[in-house]
2 protein chains.
Amino acid sequence: MPNSKSPRASYHHGDLANALTVAATELARTGGPEAVVLREAARKVGVSATAAYRHFEGRGELIHAVKELALTELAARMQDELATSEPVPDPPAEALRRLRALGTGYIRFALAEPGLFRTAFCRADTPGMESEPVDMLGTRSFQMLVETLDTLVGCGWIPPDRRPYLELAAWSTVHGMADLLLDGPLRLCPPDQQEAAIQRALDMVADGIAALAAGHAGPAKVGPAP
Amino acid sequence: MPNSKSPRASYHHGDLANALTVAATELARTGGPEAVVLREAARKVGVSATAAYRHFEGRGELIHAVKELALTELAARMQDELATSEPVPDPPAEALRRLRALGTGYIRFALAEPGLFRTAFCRADTPGMESEPVDMLGTRSFQMLVETLDTLVGCGWIPPDRRPYLELAAWSTVHGMADLLLDGPLRLCPPDQQEAAIQRALDMVADGIAALAAGHAGPAKVGPAP
DNA sequence: AGCGTAAACTTAACGGCGTTAACATCGCAC
DNA sequence: GTGCGATGTTAACGCCGTTAAGTTTACGCT
């Protein structure tokens, strides 16, 4: 059986598409989206650059393959995070626990694999390639978030009329925080400060959602009396 | 006085650095960061590509110039938004109004000028260029946010121990939402749905902060009884 | 078995990019 | 007025993505 080892034995590779994808993923892991260079991936696999075009439309499609791989890793990291704290019996409390764990997992993945994270959500840059930047909605990670919020509606914690777009609001905060940590002002802060910022953001989300549960009549257009 | 008009009159341009910056900004406005191509900017100005190196270290520094310009426009847009609603006399309510306006302005700028917005916050990609991705903290827009939150602390609305990192949490949400609107699942939604998502996110921030004001004892680790 | 076709790879080449090196032109201080 | 430094020029290098045209192999068909 042909193998991806050094100067390969047979003319035909046998699994080039996969080999290129993992090579490209390794490049992305190290250097982010702009590091996934078609020629370099081919070089790593030991194949001519143009061979890639038998399996991918171009660089854009290669990046897209990396994206899918990265998104899978992201979902796994979030899933893992669910297991790092104990489930609680009370259903709404359990859903809130899950919500927080999902956000934490998301951000931890971004910190642990910045290259992959950036690639997963990058606007595929160079060529024509306006191919879907990623159908986030179909993503496993996004589904987990949606399900958790639905649970909170299901058990009466969130009024159904407050449900719409809530997943996007929550996602925004977590995704934005990841961005800030990677490229923003927090990028060179000591880890404990980063952690504090993360927790503060998650608090804000939890409190914002709890406000709905507390049934307060609407978005705070005017504050309560001091 | 020499001018940036077509085939320029004199050998020396007279204001190349500026001319290149605005040309590059125009490219960014249209096509985002990857569209700011040094050679193209030079071409637009009617000058050889290498002339740019008399004024910029390379493409990275050119992009950086665009970033600063874009950030100025962003701050202006946020400032404008402050004027679109009436000030209210009650100081905390006024601060909350400003908070909301700043977020709205931020997102509106992103929607109105996606190319500039993306460039403002892009990790300058191609060359060595790890030069500061932008010192967001020094940014006028960030300062406005900080001041507003400080006001809320000043008038006793936010307990001082809850103040740290709050600006980052709020910024995260707004920035993340802008990202989602530009490249995420909301990118091709009709504007009214986009607007709804924006308002929901801003509600969440406001409610999350209001929860601090309401003095509830901590981040909702366990929900209130249903 | 043998053969032919199509899939999987190759080399060669094009144009565009960022960047360097070497040369040309201008303006201003002396 | 002249010379020198700042500001522009052309030429060239190496890398990239991509296309075109040729080569090698696997495999189904008779």
Side-chain angles (χ1 to χ4, degrees), chain A residues 1-21 23-24 27-28 31-66 122 124-131, chain B residues 1-21 23-24 27-28 31-66 122 124-131:
Chain A
M1 66 188 84
N3 186 319
S4 61
K5 275 305 167 190
S6 321
R8 73 185 183 287
S10 58
Y11 187 85
H12 283 0
H13 179 286
D15 197 23
L16 227 199
N18 257 317
L20 284 173
T21 302
L27 292 174
E34 59 269 11
V36 18
V37 169
L38 191 144
R39 288 178 110 115
E40 177 68 17
R43 235 171 275 139
K44 284 183 78 164
V45 175
V47 96
S48 80
T50 56
Y53 287 82
R54 292 287 160 192
H55 304 274
F56 300 93
E57 237 178 54
R59 185 170 103 110
E61 209 171 75
L62 181 60
I63 289 191
H64 193 79
V66 175
C122 78
D125 9 38
T126 331
M129 176 74 176
E130 71 289 338
S131 87
Chain B
M1 67 189 87
N3 185 321
S4 60
K5 275 306 168 190
S6 323
R8 72 185 183 287
S10 57
Y11 187 86
H12 284 358
H13 179 288
D15 195 23
L16 227 199
N18 257 317
L20 284 173
T21 302
L27 291 174
E34 59 268 9
V36 18
V37 170
L38 190 144
R39 290 177 108 115
E40 177 68 16
R43 236 171 277 139
K44 283 184 78 164
V45 175
V47 97
S48 79
T50 55
Y53 287 82
R54 294 288 167 200
H55 305 273
F56 300 93
E57 237 177 53
R59 185 170 103 110
E61 209 170 74
L62 181 58
I63 289 190
H64 193 78
V66 175
C122 80
D125 9 40
T126 331
M129 176 74 177
E130 71 287 338
S131 87

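For the numbers below, each heavy atom of this structure counts, side chains included, while hydrogens, waters and symmetry mates do not. Below, read A as the first sequence line, B as the second, and so on, with proteins coming before strands; counting in each chain starts at 1.
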Taken to the nearest whole Å, CG/B:Leu20 to C1'/D:dG8 is 12 Å
What closest approach, in Å, do A:Ala49 and A:Ala42 show between heavy atoms, and which atom pair accounts for it?
-> CA-CB, 3.7 Å
Whole-Å gap separating P (D:dG17) and CG (A:Leu62) | 9 Å
Starting from P on C:dC9, measure out to CG on A:Leu38 and report it in whole angstrom.
-> 14 Å
Rounded to whole Å, the CD-C1' distance (A:Glu40 to D:dG14) equals 14 Å
Is B:Arg54 close to B:Leu16 at the side-chain level, that is, under 4.5 Å between some pair of heavy atoms?
-> no
Could you tell me which residues satisfy side chain to side chain donor-acceptor pair (under 3.5 Å) with B:Arg39, sequence neighbours excluded, listed by chain and number?
-> none
What is the minimum heavy-atom distance between A:His55 and A:Glu61, and which atoms define it?
-> O-OE1, 3.8 Å
Heavy atom of residues 49-58 of chain A under 4.0 Å from DNA chain C: which residues?
-> A:Thr50, A:Ala51, A:Arg54, A:His55
All side-chain contact (heavy atoms from CB on, under 4.5 Å) counterparts of B:Ala52, not counting sequence neighbours = B:Leu20, B:Leu38
Minimum heavy-atom separation for B:Pro33 to B:Ile63, with atom names?
-> O-CD1, 4.3 Å
Go through the structure and list residues passing side-chain contact (heavy atoms from CB on, under 4.5 Å) with B:Ala23, not counting sequence neighbours.
-> B:Ala41, B:Lys44, B:Val45
Starting from C1' on C:dA8, measure out to CG on A:Asp15 and report it in whole angstrom.
-> 13 Å
Please list, chain by chain and in numerical order, all residues satisfying side-chain contact (heavy atoms from CB on, under 4.5 Å) with A:Ala35, sequence neighbours excluded.
-> none
Grab the CD-P distance between B:Glu61 and C:dT19 for me, whole Å please.
-> 11 Å
Axis-to-axis angle for the helix from C:dA1-D:dT30 to C:dC30-D:dG1, ends of five pairs each, to 10°, equals 10°
Distance-only donor-acceptor test (3.5 Å): side chain A:Arg39, base D:dG17 | yes
Nearest-Å distance for atom pair CZ/P, residues B:Arg43 and C:dG15 = 14 Å
Roughly how far apart are A:Tyr53 OH and A:Arg59 CZ, rounded to 0.5 Å?
-> 10.0 Å
